[in-house]
Amino acid sequence: MDDAKLILDGKEYSLPTIVGSEGEVGIDISKLRGTTGAITLDSGYGNTGSCKSSITFIDGEKGILRYRGYPIEEVADKMRFVDVCYLLIYGSLPTAAESQAFRHELTHHTLLHEDMKKFFEGYPSTAHPMSILSAMISSLASFYPDPVNGESVDLNIVRLLSKVKTIAAFSYKKSIGQPMVYPNNDLSYAGDFLNMMFSVPAEKYEINKVVENALNLLLILHADHEQNCSTSTVRMVGSSQANLYASMAAGVSALWGPLHGGANQKVIKMLEMIQADGGDYDKYVKLAKDKDSDFRLMGFGHRVYKNFDPRAQILRAAADKVLTNLGVTDPLLNIAKKLEQIALEDTYFVDRKLYPNVDFYSGILYRAMGIPTDMYTVMFAIGRLPGWIAQWKEMREDPNARIYRPRQIYTGETKRSL
Ligand code: ACO
């Protein structure tokens with residue numbers, strides 16, 4: 001690929017180009033300010049590549065998502081979440097021995113330090129579990145500090161992946177006033193989480209295989225999504241060489257927002273509102289198009305996907321299957337499908353290439369699985385953790401990585417006196 005030419009103030013500059021392994025073209029502007037004195041302005045970073053990465057590939061125009069080269073459809077169909085964690089973090093599929101060893105590690109680091117349990121007691125029962133999750137992940141740094149003297153960070157990676165579900169389940173138990181349930185090493189990753197969420201000491205709890213498999217699928221579909229808002233936040237914080245836990249806690253906070261992972265909770269609230277309002281879909285489609293209203297169809301639209309979100313397609317099919325298998329009839333699923341149908345035929349949505357995203361159908365599944373609405377974004381965070389870790393690790397191992405420090409175009413007052 002030839003260099004790009006830039007003419008600025010009558011002077012021509014040559015800018016090197018870079019082509020990714022899937023043919024994506026970038027203009028390398030790393031020397032732009034040094035040679036021209038100018039910077040670029042790209043609000044929301046829609047045109048800015050912040051790093052080179054070999055973890056996840058997305059082609060938003062074609063609806064393609066691949067983890068380390070493997071299509072999401074195949075990964076979702078054939079893999080277990082723990083192996084997907086390994087794939088994302090270490091770059092290749094684990095051998096049988098590696099898979100077994102990794103699984104063993106993830107199973108044997110699930111306990112929280114007993115002193116951490118006291119933290120949960122201090123929260124009001126109304127606390128949003130995302131605020132607890134972020135604080136508790138940050139607190140892990142006090143109990144399991146970053147390795148020193150050349151020790152491997154792998155142990156802390158394992159601790160984080162193992163303990164996150166314990167933290168999440170404890171925060172739920174706290175919110176409903178039930179005793180915390182300790183991890184059980186005989187169970188799978190998803191099964192152990194379900195047991196900590198839903199079992200009580202007073203009675204036997206059977207893990208429903210349909211629910212366990214659905215959770216496995218949901219975690220896999222959320223596992224990584226290249227340089228989205230929370231992942232960029234993780235990289236931003238990690239670029240200052242902040243520790244693993246601090247960087248992940250920041251990712252949780254970024255994910256919480258309703259324009260990002262928090263949308264899954266908002267989707268259900270929106271569908272409930274439409275149902276309570278007599279199921280008048282048209283009214284809400286009109287409202288979403290009305291520029292005088294700040295209402296948006298939650299779970300619609302994506303910065304990168306401009307055709308379809310492959311994760312939403314997988315989840316749509318899964319929602320039908322799981323609800324049937326569980327014998328659940330949820331009127332919200334029908335409302336969601338009708339809303340999708342209307343929106344997909346409406347020129348407003350078609351012209352803007354607004355399609356259902358991953359959050360549109362995930363809430364329906366969580367609901368059928370008995371996961372409370374406040375926990376939806378926590379579920380997303382558990383799923384996204386391996387992606388954040390992989391991206392953090394890739395950055396920390398890159399000898400050319402620099403602290404993230406964008407510039408700005410200052411538009412304030414020029415110098416004045418008091
Ligand atoms: N409902 C109605 N209109 C929408 C929607 C929506 N959900 N999303 C975008 N639009 C419109 C915008 O008003 C804008 O219209 P205009 O060109 O007439 O001004 C146009 O589509 C482009 O939208 P932007 O906000 O500029 O797109 P951006 O890429 O910045 O935002 C986002 C993407 C945040 C996902 C947006 O589509 C949105 O708010 N969706 C709803 C929230 C949501 O579902 N978030 C989850 C995303 S997936 C994830 O993070 C896991």
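As the structure lists them, so they are numbered: ligands from 1, and atoms in each ligand from 1. Residue numbers count from 1 along this sequence.
- Screening residues 155-173 for salt bridge (Lys or Arg N to Asp or Glu O under 4.0 Å), with sequence neighbours left out, gives K165-D192.
- Around ligand 1 you find P258, L259, H260, A263, A288, K291, R296, L297, M298, G299, F300, G301, H302, R303, Y348, R352, L354, N357, V358, D359, F380, each with a heavy-atom distance below 4.0 Å.
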Give the C-alpha distance, both sets of side-chain angles, the deciding distance and a yes or no for side-chain contact (heavy atoms from CB on, under 4.5 Å) between Y45 and Q227. CA-CA 10 Å; Y45 307 132; Q227 309 311 318; over 6 Å; no
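- Across F170 and F120, no two heavy atoms sit closer than the pair CB-CE2, 3.5 Å.
- Counting heavy atoms from C-beta on, the side chains of I64 and P71 never come closer than 4.5 Å.
- Between W256 and H128, the ring planes lie tilted relative to each other; the angle falls in the 30° to 60° range.
- Looking at Y13 and L32, their side chains never come closer than 4.5 Å, going by heavy atoms from C-beta outward.
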